[in-house]
Amino acid sequence: MEGRAAEDVFKDFRGRRAGLIKALTTDVRKFYEACNPANENLCLYGLPNGSWEVNLPVDEVPPELPEPALGINFARDGMPENNWVALVAVHSDSWLMAVAFYFGARFSFDKNERMRLFRMINDLPTIYEVVTGNAKQSKDQSANHNGSRSKSSGGKARQSESQTKASKIPPPPPREENENVNNDAEEDEEQAEFCGVCGESDDGEEEFWIWCDTCERWFHGKCVKITPARAEHIKHYKCPSCCNTNKKHKA
(Lines give C-alpha, C1' and ligand atoms only; values in the text may rest on other atoms or scores of the structure.)
Protein backbone atom coordinates (compact mmCIF):
# COMPACT_ATOMS: atom_id res chain seq x y z
CA MET A 1 0.00 0.00 0.00
CA GLU A 2 1.42 3.37 -1.04
CA GLY A 3 0.20 5.51 1.86
CA ARG A 4 -1.22 5.18 5.33
CA ALA A 5 -4.25 7.48 5.19
CA ALA A 6 -7.91 6.46 5.26
CA GLU A 7 -8.08 7.17 1.51
CA ASP A 8 -5.27 4.69 0.85
CA VAL A 9 -6.99 1.95 2.85
CA PHE A 10 -10.25 2.71 1.05
CA LYS A 11 -8.50 2.44 -2.32
CA ASP A 12 -7.27 -1.02 -1.30
CA PHE A 13 -10.81 -1.89 -0.14
CA ARG A 14 -12.36 -0.82 -3.44
CA GLY A 15 -9.87 -2.82 -5.49
CA ARG A 16 -10.45 -6.01 -3.50
CA ARG A 17 -14.21 -5.43 -3.54
CA ALA A 18 -14.23 -4.99 -7.34
CA GLY A 19 -12.42 -8.31 -7.76
CA LEU A 20 -14.84 -10.15 -5.47
CA ILE A 21 -17.88 -8.69 -7.24
CA LYS A 22 -16.44 -9.74 -10.57
CA ALA A 23 -15.94 -13.31 -9.29
CA LEU A 24 -19.53 -13.52 -8.04
CA THR A 25 -21.21 -11.88 -11.06
CA THR A 26 -19.59 -11.70 -14.49
CA ASP A 27 -17.07 -14.48 -13.72
CA VAL A 28 -19.46 -16.60 -11.66
CA ARG A 29 -19.21 -19.67 -13.95
CA LYS A 30 -15.41 -19.60 -13.79
CA PHE A 31 -15.57 -19.10 -10.02
CA TYR A 32 -18.06 -21.96 -9.61
CA GLU A 33 -15.84 -24.36 -11.52
CA ALA A 34 -12.77 -23.31 -9.52
CA CYS A 35 -14.50 -24.30 -6.27
CA ASN A 36 -14.47 -28.04 -6.79
CA PRO A 37 -15.51 -29.78 -3.54
CA ALA A 38 -12.99 -32.54 -4.32
CA ASN A 39 -10.15 -30.09 -3.67
CA GLU A 40 -8.76 -29.07 -0.29
CA ASN A 41 -10.07 -26.10 1.71
CA LEU A 42 -10.25 -23.15 -0.67
CA CYS A 43 -10.66 -19.41 -0.12
CA LEU A 44 -11.83 -16.59 -2.39
CA TYR A 45 -9.39 -13.68 -2.40
CA GLY A 46 -10.06 -10.21 -3.78
CA LEU A 47 -6.85 -8.48 -4.85
CA PRO A 48 -6.06 -4.74 -4.67
CA ASN A 49 -5.74 -4.56 -8.47
CA GLY A 50 -9.40 -5.52 -8.98
CA SER A 51 -8.82 -9.18 -9.79
CA TRP A 52 -9.69 -12.33 -7.80
CA GLU A 53 -8.36 -15.80 -7.17
CA VAL A 54 -9.47 -19.03 -5.54
CA ASN A 55 -6.58 -20.52 -3.63
CA LEU A 56 -5.49 -22.45 -0.57
CA PRO A 57 -5.10 -20.44 2.64
CA VAL A 58 -1.66 -19.08 3.44
CA ASP A 59 0.68 -21.27 5.48
CA GLU A 60 1.96 -18.40 7.61
CA VAL A 61 0.62 -18.36 11.20
CA PRO A 62 -0.55 -15.84 12.10
CA PRO A 63 -1.21 -14.61 8.55
CA GLU A 64 -0.01 -11.21 7.38
CA LEU A 65 -3.63 -10.21 6.68
CA PRO A 66 -6.94 -11.59 7.96
CA GLU A 67 -7.94 -14.64 5.94
CA PRO A 68 -11.26 -15.04 4.07
CA ALA A 69 -13.74 -17.83 4.83
CA LEU A 70 -12.12 -21.25 4.59
CA GLY A 71 -13.60 -24.18 2.70
CA ILE A 72 -16.14 -22.36 0.55
CA ASN A 73 -15.85 -25.18 -2.01
CA PHE A 74 -17.22 -27.80 0.41
CA ALA A 75 -20.62 -26.09 0.59
CA ARG A 76 -20.95 -25.58 -3.17
CA ASP A 77 -23.01 -28.67 -4.00
CA GLY A 78 -24.96 -28.76 -0.75
CA MET A 79 -27.34 -25.91 -1.56
CA PRO A 80 -28.83 -24.07 -4.56
CA GLU A 81 -26.16 -22.20 -6.49
CA ASN A 82 -27.71 -18.78 -5.88
CA ASN A 83 -27.77 -19.41 -2.13
CA TRP A 84 -24.17 -20.56 -2.16
CA VAL A 85 -23.02 -17.49 -4.10
CA ALA A 86 -24.95 -15.25 -1.69
CA LEU A 87 -23.30 -16.99 1.28
CA VAL A 88 -19.85 -16.45 -0.20
CA ALA A 89 -20.80 -12.79 -0.77
CA VAL A 90 -21.69 -12.33 2.92
CA HIS A 91 -18.39 -13.86 4.03
CA SER A 92 -16.56 -11.70 1.47
CA ASP A 93 -18.15 -8.55 2.94
CA SER A 94 -16.99 -9.61 6.40
CA TRP A 95 -13.47 -10.29 5.14
CA LEU A 96 -13.22 -6.91 3.40
CA MET A 97 -14.17 -5.11 6.61
CA ALA A 98 -11.65 -7.16 8.57
CA VAL A 99 -8.83 -6.30 6.16
CA ALA A 100 -9.73 -2.60 6.06
CA PHE A 101 -9.81 -2.21 9.82
CA TYR A 102 -6.73 -4.37 10.22
CA PHE A 103 -4.91 -1.70 8.22
CA GLY A 104 -6.63 0.96 10.33
CA ALA A 105 -5.27 -0.60 13.51
CA ARG A 106 -1.86 -1.21 11.99
CA PHE A 107 -1.60 2.42 10.87
CA SER A 108 -2.84 3.68 14.26
CA PHE A 109 -5.99 5.35 12.99
CA ASP A 110 -7.66 7.46 15.65
CA LYS A 111 -11.41 7.68 16.17
CA ASN A 112 -11.91 10.28 13.44
CA GLU A 113 -9.86 8.37 10.85
CA ARG A 114 -11.74 5.16 11.60
CA MET A 115 -15.06 6.93 11.24
CA ARG A 116 -13.94 8.53 7.97
CA LEU A 117 -12.90 5.14 6.61
CA PHE A 118 -16.19 3.56 7.67
CA ARG A 119 -18.22 6.32 6.02
CA MET A 120 -16.39 5.85 2.72
CA ILE A 121 -16.99 2.11 2.90
CA ASN A 122 -20.61 2.52 3.98
CA ASP A 123 -21.38 4.71 0.96
CA LEU A 124 -20.95 1.62 -1.25
CA PRO A 125 -23.47 -1.22 -1.39
CA THR A 126 -22.25 -4.48 0.09
CA ILE A 127 -21.15 -7.32 -2.15
CA TYR A 128 -24.19 -9.26 -0.93
CA GLU A 129 -26.49 -6.43 -2.02
CA VAL A 130 -24.86 -6.28 -5.46
CA VAL A 131 -24.91 -10.04 -5.99
CA THR A 132 -28.52 -10.50 -4.88
CA GLY A 133 -29.79 -7.34 -6.58
CA ASN A 134 -30.77 -5.79 -3.26
CA ALA A 135 -28.60 -2.69 -3.52
CA LYS A 136 -30.59 -0.02 -1.73
CA GLN A 137 -32.78 2.10 -3.95
CA SER A 138 -34.91 4.95 -2.69
CA LYS A 139 -38.55 5.74 -3.47
CA ASP A 140 -37.30 8.61 -5.60
CA GLN A 141 -35.44 6.14 -7.79
CA SER A 142 -38.56 4.02 -8.22
CA ALA A 143 -40.41 7.13 -9.28
CA ASN A 144 -37.67 7.88 -11.78
CA HIS A 145 -38.04 4.41 -13.30
CA ASN A 146 -41.80 4.83 -13.57
CA GLY A 147 -41.73 8.46 -14.65
CA SER A 148 -38.85 10.16 -16.40
CA ARG A 149 -37.32 6.76 -17.16
CA SER A 150 -40.52 4.97 -18.10
CA LYS A 151 -39.58 1.97 -20.20
CA SER A 152 -40.71 1.24 -23.74
CA SER A 153 -41.88 -2.23 -24.75
CA GLY A 154 -38.20 -3.17 -24.88
CA GLY A 155 -37.68 -1.91 -21.32
CA LYS A 156 -35.30 0.97 -22.07
CA ALA A 157 -35.83 4.53 -20.90
CA ARG A 158 -37.26 7.09 -23.36
CA GLN A 159 -36.02 10.52 -24.24
CA SER A 160 -36.67 12.60 -27.38
CA GLU A 161 -37.50 10.71 -30.57
CA SER A 162 -34.58 12.28 -32.39
CA GLN A 163 -32.08 10.53 -30.14
CA THR A 164 -30.58 7.16 -30.94
CA LYS A 165 -31.51 4.00 -29.08
CA ALA A 166 -28.20 4.03 -27.23
CA SER A 167 -28.87 7.52 -25.89
CA LYS A 168 -32.30 6.36 -24.76
CA ILE A 169 -30.51 4.61 -21.91
CA PRO A 170 -29.52 7.55 -19.70
CA PRO A 171 -27.03 7.37 -16.86
CA PRO A 172 -28.29 7.92 -13.32
CA PRO A 173 -29.43 11.46 -12.51
CA PRO A 174 -26.61 13.89 -11.56
CA ARG A 175 -26.11 14.59 -7.90
CA GLU A 176 -27.21 17.92 -6.47
CA GLU A 177 -24.20 20.10 -5.74
CA ASN A 178 -25.84 23.21 -4.30
CA GLU A 179 -27.44 21.67 -1.21
CA ASN A 180 -26.41 22.16 2.39
CA VAL A 181 -23.21 20.24 3.20
CA ASN A 182 -24.87 18.52 6.15
CA ASN A 183 -27.42 16.88 3.83
CA ASP A 184 -24.93 15.68 1.19
CA ALA A 185 -24.58 12.12 2.48
CA GLU A 186 -28.33 11.61 2.80
CA GLU A 187 -29.11 13.05 -0.65
CA ASP A 188 -26.32 11.07 -2.34
CA GLU A 189 -27.81 7.87 -0.92
CA GLU A 190 -31.29 8.83 -2.16
CA GLN A 191 -30.15 9.81 -5.67
CA ALA A 192 -27.38 7.29 -6.28
CA GLU A 193 -27.98 4.57 -8.84
CA PHE A 194 -25.68 1.57 -8.58
CA CYS A 195 -24.29 -0.58 -11.37
CA GLY A 196 -25.40 -4.19 -10.98
CA VAL A 197 -21.87 -5.48 -11.67
CA CYS A 198 -19.30 -3.16 -10.10
CA GLY A 199 -21.67 -1.65 -7.54
CA GLU A 200 -20.40 1.85 -8.27
CA SER A 201 -22.77 4.80 -8.53
CA ASP A 202 -22.80 7.71 -10.95
CA ASP A 203 -19.71 9.89 -10.47
CA GLY A 204 -20.95 12.79 -12.55
CA GLU A 205 -19.23 11.68 -15.73
CA GLU A 206 -21.20 10.90 -18.85
CA GLU A 207 -21.10 7.13 -19.15
CA PHE A 208 -23.20 4.71 -21.14
CA TRP A 209 -25.61 2.70 -18.99
CA ILE A 210 -27.99 -0.10 -20.01
CA TRP A 211 -31.14 -1.43 -18.33
CA CYS A 212 -31.78 -5.16 -17.84
CA ASP A 213 -35.37 -5.98 -18.72
CA THR A 214 -35.31 -9.12 -16.56
CA CYS A 215 -33.93 -8.07 -13.16
CA GLU A 216 -34.65 -4.36 -13.77
CA ARG A 217 -31.23 -3.04 -12.80
CA TRP A 218 -28.85 -0.55 -14.41
CA PHE A 219 -25.39 -1.55 -15.63
CA HIS A 220 -22.36 0.33 -16.94
CA GLY A 221 -22.00 -0.62 -20.59
CA LYS A 222 -18.30 -1.27 -20.02
CA CYS A 223 -19.06 -3.66 -17.13
CA VAL A 224 -21.28 -5.89 -19.27
CA LYS A 225 -19.30 -5.30 -22.48
CA ILE A 226 -22.15 -3.57 -24.33
CA THR A 227 -21.37 -0.54 -26.49
CA PRO A 228 -23.92 2.09 -27.56
CA ALA A 229 -23.60 0.79 -31.13
CA ARG A 230 -24.37 -2.76 -30.04
CA ALA A 231 -27.30 -1.57 -27.94
CA GLU A 232 -28.88 -0.24 -31.13
CA HIS A 233 -29.61 -3.84 -32.14
CA ILE A 234 -30.79 -5.15 -28.76
CA LYS A 235 -34.53 -5.29 -28.28
CA HIS A 236 -34.70 -6.91 -24.83
CA TYR A 237 -31.44 -6.79 -22.88
CA LYS A 238 -30.56 -9.46 -20.29
CA CYS A 239 -27.55 -8.97 -18.02
CA PRO A 240 -24.96 -11.77 -17.58
CA SER A 241 -26.49 -12.90 -14.26
CA CYS A 242 -29.95 -13.30 -15.78
CA CYS A 243 -28.51 -15.14 -18.78
CA ASN A 244 -26.65 -17.55 -16.49
CA THR A 245 -29.84 -18.16 -14.46
CA ASN A 246 -31.82 -18.95 -17.61
CA LYS A 247 -29.14 -21.38 -18.84
CA LYS A 248 -29.17 -23.19 -15.50
CA HIS A 249 -32.95 -23.58 -15.54
CA LYS A 250 -32.85 -25.00 -19.08
CA ALA A 251 -30.10 -27.47 -18.23
Side-chain angles (χ1 to χ4, degrees), residues 14-15 17-32 50-52 81-82 85 89 124-125 127 129-176 188-251:
R14 285 186 64 174
R17 174 179 173 274
L20 293 170
I21 290 175
K22 185 178 180 182
L24 299 175
T25 55
T26 55
D27 289 353
V28 69
R29 300 316 310 163
K30 182 179 177 182
F31 167 65
Y32 184 89
S51 61
W52 62 274
E81 180 180 336
N82 288 345
V85 171
L124 298 175
I127 297 174
E129 289 173 330
V130 173
V131 168
T132 60
N134 292 328
K136 186 175 181 181
Q137 294 187 357
S138 68
K139 294 179 181 178
D140 291 343
Q141 291 172 343
S142 297
N144 284 337
H145 284 314
N146 296 327
S148 63
R149 296 187 192 177
S150 60
K151 300 187 288 296
S152 66
S153 59
K156 298 178 176 61
R158 293 180 181 177
Q159 291 182 333
S160 66
E161 294 181 0
S162 61
Q163 292 177 305
T164 65
K165 185 173 182 180
S167 64
K168 288 180 183 177
I169 311 167
R175 298 176 181 175
E176 296 292 336
D188 283 349
E189 182 177 347
E190 291 179 354
Q191 296 179 14
E193 189 80 61
F194 298 107
C195 171
V197 171
C198 68
E200 299 295 326
S201 59
D202 174 38
D203 59 5
E205 297 181 1
E206 291 187 3
E207 286 188 296
F208 172 69
W209 292 64
I210 190 165
W211 173 259
C212 175
D213 294 298
T214 303
C215 64
E216 298 189 340
R217 288 187 290 166
W218 288 99
F219 296 85
H220 287 121
K222 63 183 180 182
C223 290
V224 291
K225 299 180 181 178
I226 299 292
T227 63
R230 185 177 174 188
E232 290 277 351
H233 306 285
I234 299 176
K235 231 179 176 184
H236 302 280
Y237 175 68
K238 286 186 180 180
C239 68
S241 295
C242 291
C243 289
N244 287 331
T245 300
N246 289 344
K247 289 178 181 176
K248 182 183 176 184
H249 288 166
K250 290 179 180 179

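Heavy-atom basis, side chains included; hydrogens, waters and symmetry copies ignored. We're numbering straight along the sequence, starting at 1.
- Of all heavy-atom pairs between C242 and K238, the closest is CB-CB, 4.4 Å.
- Inter-residue side-chain proximity for T227 and F208 is flagged as unmet; no heavy-atom pair is nearer than 4.5 Å.
- Proximity of I226 to F219: side-chain heavy atoms (C-beta onward) are nowhere separated by under 4.5 Å.
- Of all heavy-atom pairs spanning W211 and E216, the tightest one is CH2-O, 3.2 Å.
- Once rounded to the nearest 0.5 Å, the distance linking CG of L20 with NZ of K22 reads 12.0 Å.
- Using a 4.5 Å heavy-atom threshold, the side chains of I21 and V131 count as separate.
- Side-chain contact between T26 and K225: absent, with no pair of heavy atoms (C-beta onward) separated by less than 4.5 Å.
- With a 4.5 Å cut-off on side-chain heavy atoms, K30 and W52 count as touching.
- Going from atom CH2 of W218 over to atom SG of C223 covers 14.5 Å, rounded to the nearest 0.5 Å.
- Listed here is the closest heavy atom pair of I127 and R17: CG1-CG, 4.2 Å.
- Rounding to the nearest 0.5 Å gives a distance of 4.0 Å between NZ of K222 and CD of E207.
- Rounded to the nearest 0.5 Å, atoms OG1 (T214) and NE2 (H236) are 10.0 Å apart.
- Contact of the S241 side chain with the C215 side chain is not registered, since no non-hydrogen atoms from C-beta on lie closer than 4.5 Å.
- G196 and T25 get closest at one heavy-atom pair: O-CG2, 4.4 Å.
- One N or O on the side chain of R217 and one on the backbone of V130 form a donor-acceptor pair closer than 3.5 Å.
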